[in-house]
Engineer: 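Structure incoming, see below.
In this text the structure is predicted, and so the values were computed from the model without any measurement. Here is the naming used below: chain letters follow the sequence lines, and residue numbers restart at 1 for every chain.
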There are 2 protein chains.
Amino acid sequence: MAATMSADSVERRSGVSLWRQIADKILHAIAMGDFPESAALPPEVALAERYGVNRHTVRSAISALVREGVLKAEQGRGTFVLSRKRLSYPIGARTRFSTGLQGQAVERHIVLLVSAVEPASERVAASLGLTKGASVIRLETRGEADERPVSRAASWFDAGRFAGIDAAMAATGSITASLARFGIEDYLRQSTVLSARHADAADLADLDLQPGAIVLVTVAVNITPDGQPIQFSESRFPAERVELRLSAL
Amino acid sequence: MAATMSADSVERRSGVSLWRQIADKILHAIAMGDFPESAALPPEVALAERYGVNRHTVRSAISALVREGVLKAEQGRGTFVLSRKRLSYPIGARTRFSTGLQGQAVERHIVLLVSAVEPASERVAASLGLTKGASVIRLETRGEADERPVSRAASWFDAGRFAGIDAAMAATGSITASLARFGIEDYLRQSTVLSARHADAADLADLDLQPGAIVLVTVAVNITPDGQPIQFSESRFPAERVELRLSAL
DNA sequence: CAAATTTGTCCATTGATATAGACAACCATA
DNA sequence: TATGGTTGTCTATATCAATGGACAAATTTG
């Protein structure tokens, strides 16, 4: 269907430069398996013909992907695919980080980047069943798989009920384990809202992206089995490295 | 949280032009409710300052959104928000088009654009439990809400079992109703895989988008309650007009 | 070694993007 | 009606994006 859907055409005067569009298409083709793993890409002239642009434009796209660590160019030999296909990140009633990526990545972990206590915004308060301005703990984390960032999340917890969860998170490296210390044996995904946008400056730094990249954004609430909201979170995923698989519970 | 997350900065030499980035930000701000519904946007000079660019650059972004029908500019008065917030499209075990948008849009329907009988690709065959090359029916549809396209989907069905479903679809304007004619009283969403990318030429035409827009892409399989796969589909949603809400699965 | 293939670099030209400033046109209101 | 605020238009300039062509440098193949 990749064949039936994606016309190998390109939009001019679109506000998105041709080299960025072609970089997108190459990434997509790699993810779809059109360009065999760790083999050579078609030569630049062939790609230029395929996409209907000048060879120099293809070179701009390739050099962006080389900077990004996806491709490696060798003079006289060709250009080679380094990175693997997109990770498929599962989302469902029991969404957790590490369990979902089993078998897709050798190494995976969460890093706690920032923790802070702050007054709840209206949105956070409403989701957690608190009053606006109530004290909440914000944890900012980055998920990594095989040394590459695959998610960046901010999570909010009731500071009264979960005082010290930042330390627990730092110690365990796991939200699930941290919640267990507060007697939360199980929790469920109540709601998830999903959108996509261009990466902003923060995304570029947090997820090690090239400008112009696209991020998937999820806003979610986790609850205990008896319905108490315990966690509100906003996560960002680089669309070029991650797809979301909506799993049945 | 919109406040804590999105730095109002902008990326230069990114492959995405500044006016396109700012158009994205304005759309996002409208969706987040930062700019009150059907009220005036901040004046151009204020927006230029806010995003750190020239007034003319803001004007380019605004004129793109005016062409798109999101904004209306009136000389001497201001620039006004026309379109409502993003639709929230539900996805879950019982994903259907019309039921999910109740209350959000006054008018909603599906239009059948193309129907064809063709040999199954490997991907379609695997999903439907057929052999590659088996005869399948492809239906291409557009979902519309309040006169605006909100989805574009291609669906494949076993041509043997569902011969004539194209006519049923044309007559009823509903996948659910069409399947009912073949004795399918109920069906479930087995799997959904979600990704995002820049709109290509086909997306621009199908969904009435401006170049540079982002589309959410879902690939899904529907099954009968007893586990038979009946429908394979790929859908595209304009990220600026639609968000996906993952309902209880 | 010679030829073919492929990536790397340079020059020149064109059009799109972004900035800067000035002023006209239009609207609301004091 | 006069003033201030806002969008619309124009000119000019600098930089980025894209094309076209030519050739160098490195590798593989015959």
Engineer: When the distance from CD of B:Glu44 to P of C:dT19 is rounded to whole Å, what number comes out?
Structural biologist: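 After rounding, the reported distance stands at 14 Å.
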Engineer: Please state how far atom CD in B:Glu74 lies from atom C1' in D:dT7, giving the value in whole angstrom units.
Structural biologist: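 Distance check: B:Glu74 CD to D:dT7 C1' gives 10 Å.
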Engineer: Is B:Lys25 close to A:His198 at the side-chain level, that is, under 4.5 Å between some pair of heavy atoms?
Structural biologist: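 The answer is no, as the side chains (C-beta and beyond) never meet within the 4.5 Å cut-off.
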Engineer: Expressed as a whole number of angstroms, how long is the span from B:Phe80:CZ to C:dC27:P?
Structural biologist: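 After rounding, the gap between these two atoms is 11 Å.
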Engineer: Using distance alone, with no hydrogens and no angle criterion, decide if B:Glu234 and B:Trp156 have a side-chain donor and acceptor under 3.5 Å apart.
Structural biologist: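 Short answer, no.
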Engineer: Tell me if a side-chain donor or acceptor on B:Ser127 pairs with a main-chain N or O of B:Arg123 at a distance below 3.5 Å.
Structural biologist: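 Yes, B:Ser127 side chain to B:Arg123 backbone: donor-acceptor pair under 3.5 Å.
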Engineer: Specify the separation, in whole Å, of atom CZ of A:Arg77 and atom C1' of D:dA25.
Structural biologist: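 One finds 15 Å between C1' of D:dA25 and CZ of A:Arg77, rounded.
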Engineer: Going 5' to 3' through nucleotides 17-24 of chain D, assign each nucleotide B (protein heavy atom under 4.0 Å from a base atom), S (under 4.0 Å only from sugar-phosphate atoms) or - (no protein heavy atom that close).
Structural biologist: SSBBBB--
Engineer: Step through the shown structure and confirm whether more than 12 heavy atoms of other residues, nucleotides or ligands are within 6.0 Å of CD on B:Glu122.
Structural biologist: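 No, because the 6.0 Å sphere around CD of B:Glu122 holds 12 heavy atoms or fewer from other groups.
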Engineer: Whole-Å distance between D:dT7 P and B:Leu47 CG?
Structural biologist: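 So the two atoms are 8 Å apart, to the nearest Å.
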Engineer: Within the supplied structure, the quantity of interest is the number of heavy atoms (other residues, nucleotides, ligands) at a distance under 6.0 Å from A:Glu74 CD; does it exceed 12?
Structural biologist: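 More than 12 within 6.0 Å, yes.
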Engineer: Roughly how far, to the nearest 0.5 Å, is the OG atom of A:Ser235 from the CG atom of A:Leu216?
Structural biologist: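 With rounding to 0.5 Å, CG (A:Leu216) is 11.0 Å from OG (A:Ser235).
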Engineer: What are the atom names and distances for every N/O pair under 3.5 Å that joins the protein to nucleotides 3-5 of chain C?
Structural biologist:
none

Engineer: Do A:Arg148 and A:Pro238 have side chains that get closer than 4.5 Å, going by heavy atoms?
Structural biologist: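 In short, these two side chains do not touch, never coming nearer than 4.5 Å.
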Engineer: Take atom CD1 of A:Ile62 and atom P of C:dT9, then tell me their distance rounded to the nearest Å.
Structural biologist: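 Spelled out: CD1 on A:Ile62 to P on C:dT9 is 14 Å.
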Engineer: If you apply the rule salt bridge (Lys or Arg N to Asp or Glu O under 4.0 Å), what do you find for B:Arg236 with B:Asp206, and how did you get there?
Structural biologist: CA-CA 10 Å; B:Arg236 293 162 284 148; B:Asp206 294 344; 3.3 Å; yes
